[in-house]
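Written below as structure tokens is the structure these notes are about.
Every chain is numbered from 1 and lettered A, B, ... according to where its sequence line falls, protein lines coming before strand lines.
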2 protein chains.
Amino acid sequence: MNKTKRVTITDIARLAGVSPGAVSFALNGRPGVSEQTRKRILTIAEEHQWLPSSAARALGGAGAGVIGFAVNRSAGTLGAEAFFTDLIAGVQSALAENRIAMQMVLVSSIEEEVATYRRWHSANQVDGVIVIDPRDEDPRFPVLRDLTLPAVVLGSHASGEGHPATIWLDDRQVAHSLFDYLGALGHRSIAYVAGPAEFQHTRLRTEVLAGLGERGVSGEVIATDFSPAAASTAMRGLLSRLHRPTAVVFDNDVMAIAGLRVAQEMGVSVPKDLSVASFDDSVVAGLVHPSITCITRDTFGLGAAAAKFLLEQIDAPDVLADRIGAMPQLTVRESTAVPR
Amino acid sequence: MNKTKRVTITDIARLAGVSPGAVSFALNGRPGVSEQTRKRILTIAEEHQWLPSSAARALGGAGAGVIGFAVNRSAGTLGAEAFFTDLIAGVQSALAENRIAMQMVLVSSIEEEVATYRRWHSANQVDGVIVIDPRDEDPRFPVLRDLTLPAVVLGSHASGEGHPATIWLDDRQVAHSLFDYLGALGHRSIAYVAGPAEFQHTRLRTEVLAGLGERGVSGEVIATDFSPAAASTAMRGLLSRLHRPTAVVFDNDVMAIAGLRVAQEMGVSVPKDLSVASFDDSVVAGLVHPSITCITRDTFGLGAAAAKFLLEQIDAPDVLADRIGAMPQLTVRESTAVPR
DNA sequence: GGGTTTTACTAAATCGCTATAGTTGCACCC
DNA sequence: GGGTGCAACTATAGCGATTTAGTAAAACCC
């Protein structure tokens, strides 16, 4: 009803007494207008709160000015993990300076994720994407390559042939820092309550745990879907045995908290009778009682680095040099101790 | 380098042996093409994985196909609250069907939030926005009104003059359900560790607590910035007194968990010596020991409802009827009991 | 069978901006 | 003083869709 006519570049040009082209030059800081005229134009633009339409800009060859992030987690487990919000916050911090927006979408399978990338690309809706949870033989990578859609993967190791640009954290080393610590404390029977087996980091951590066999440490892996319910079930199973493990490591902090509760319910004292640790940290992990020994990584910084790297990839897609992220650190808290 | 030419409507038209206009008709299901031709066009489009460029579409009068969500929280507290991710997940669920995208941005002040709305509007980047944490005399509302930018507010009470469309939860009733319960248990001295005072729900909860004075309940409010550190400080202060409150209510679950830890450190047993509760629930609140009595609301459903309502507002901005969200429920857990 | 309507299209204008190819006017220069 | 160069613009052609006006052929109608 109230059809307020939108202010356009033509209006600004008319008000400034120049052509639309001149306004464009002034706005984008390129030669073709005198410094005096540029200032006048920019002042008028500001007065009328005019900004160029992003659609028109995108249409005229420039990119969409948007990066995409498709998250493949169920709504329930999403909220539980502080990882995502920290990551998003970090991404935002890097994008804000560049006037780039982030589009986020939740998907429920890797196929849907791939379809989303195709759609985004076809509709020219995003200039690049951030990809998490790389897998062995990941079906997303060939697609991203075919689409020539710039991407940055947050991954476990250096990228191979046909692999998109990657920021990698050495997950093998990360796994060592936690498992070795438990081994050094004297634990000889360690259980690892992991995420889905197809994730690379799950495989790497599993391998590291198995490798500890040489030192007389027996390891066991239980795969879950990251849900606290699955963690509880796993924990109950482990503690019902005749020979309990002396330490249980969880893939994330919410699962660890769920495990802690089961231990308490079953009268198992942490850390006296059992050590508990997590591969993922959060504010809450340090707040519960006992507080949980965790691998702490700078997720915010990681998100910022990923976003910056992606912007570089968008500008120059051919310079494909991987990056190494800041090494996660072991944060020892109350939940781990020397076994009885 | 690999300048793959993008597939356009003209390419599809040529392949189908029709004009671009005909392709547009076929795509958007409007009359002007025979059923037979429509099918042929759509098949060819699918074969070549063509989707109309969203930029071009937006330029041609249609909306941007994007809704915006500016979140005014610091990066740290954002990750702590499951509220946001649940809300976002709900929003997504409602948008996915309509092929609408969501843009999210983190801002650090209400001024920046307002500037973001102005920018989004000027650049024609979003079709509408979701607004949270309404305040008394909220500076965002007149701006949204002037911009005629469709908005849906998640609020505490029915909207007044010049107020955007609102989905409201009766925060007064919510506050009653928790405070009355504590009163009924026998608590006569209740502390409320709240968020920033300018939020409407903070004021309403405070008023309800004060209203309990008639029934002999003395209440006290401590304002914080939602951070766990502030909650710890507040809790330490409360428990150091000669006359401790018998119940402490926190504005969200992370603060409650922080408070719980302080109680444990100071040798105060929950719920024997002290009851603890929270106005916000999450998976973790039910997992810690003792599990925390909370107000549980269907945040996912709220997000979905907000998104749907916003889409309606965008279609028909003049039909301004408020909506009432599903009533939050009290979830009694282990952290509350009859006082000594 | 001539006139009207309907169907199924095409041609062309349009959205708001960017980019490229002019077009001035003025200084410079031997 | 005529050619060259440069600065500061303007004019115009896209970008890729939508949309309106126009048109040719088929269908309908008494």
#### Entry: Segment of DNA chain C, first to last nucleotide, that comes within the 4.0 Å heavy-atom reach of chain A
C:dG16 to C:dT20

### Query
When rounded to the nearest 0.5 angstrom, what distance separates CZ in B:Phe300 from CD in B:Gln92?
9.5 Å

### Query
So which pairs with a foot in residues 40-49 of chain A pass side-chain hydrogen bond (donor to acceptor under 3.5 Å, both in side chains), sequence neighbours left out?
none

### Query
Between the two ends of the helix from C:dG1-D:dC30 to C:dC30-D:dG1, what is the bend in degrees, rounded to 10 degrees, where each end axis spans five pairs?
50°

### CD1-CE distance between B:Ile88 and A:Met104, expressed to the nearest 0.5 angstrom
5.0 Å

### Message
Regarding B:Ser54, tell me which of base, sugar-phosphate or nothing describes its non-hydrogen contacts under 4.0 Å with the strands shown.
### Response
nothing

### Task
Say whether A:Arg57 and A:Asn28, considering side chains only, have a donor N or O and an acceptor N or O under 3.5 Å apart.
yes

### Donor-acceptor contact below 3.5 Å, side chain A:Asp322 vs main chain A:Thr166
yes

### Task
Start with the C-alpha gap between B:Arg73 and B:Leu106, add the side-chain angles, then the distance that decides, and say whether side chain to side chain contact (heavy atoms under 4.5 Å, CB included) holds.
CA-CA 7 Å; B:Arg73 286 293 157 94; B:Leu106 258 55; over 6 Å; no

### Task
Check for a donor-acceptor pair, side chain of A:Gln103 on one end and backbone N or O of B:Met102 on the other, with a separation under 3.5 Å.
no

### Query
Under a 4.5 Å cut-off applied to non-hydrogen side-chain atoms, are A:Thr10 and A:Arg14 in contact?
no

### Task
Answer yes or no: is there a donor N or O on one side and an acceptor on the other, between the side chain of A:Asp11 and the main chain of A:Thr8, under 3.5 Å?
yes

Are any protein N/O atoms closer than 3.5 Å to N/O atoms in nucleotides 16-22 of chain D? If there are, list each pair with its distance.
from, atom 1, to, atom 2, distance (Å)
D:dG16, N2, B:Ala56, O, 3.4
D:dA17, OP1, B:Trp50, NE1, 3.2
D:dA17, OP1, B:Ser53, N, 2.9
D:dA17, OP2, B:Ile9, N, 2.2
D:dT18, OP1, B:Asn28, ND2, 3.1
D:dT18, OP1, B:Arg57, NE, 2.9
D:dT18, OP1, B:Arg57, NH2, 3.2
D:dT18, OP2, B:Ser24, OG, 2.6
D:dT19, OP2, B:Arg30, NH1, 3.4

### Message
What I'd like to find out is whether the side chain of A:Val91 reaches to under 4.5 Å of the side chain of A:Ile67, using heavy atoms alone.
### Response
yes

### Message
I want to check something: taking the side chain as every heavy atom from C-beta on, are A:Phe69 and A:Ile132 in contact at a cut-off of under 4.5 Å?
### Response
yes

Can you give me the N/O atom pairs linking the protein to nucleotides 25-28 of chain D at distances under 3.5 Å, or say none if there are none?
none

### Query
With a 4.0 Å cut-off on heavy atoms, is A:Ser19 in touch with a base, just the backbone sugar-phosphate, or nothing at all?
base

### Message
Main chain of A:Ala123, side chain of B:Ser54: is a donor-acceptor contact present, judged purely on distance under 3.5 Å?
### Response
yes

### Query
Who pairs with A:Phe83 by ring pair (Phe, Tyr, Trp, His ring centres under 6.0 Å), at least two apart in sequence or on another chain?
none

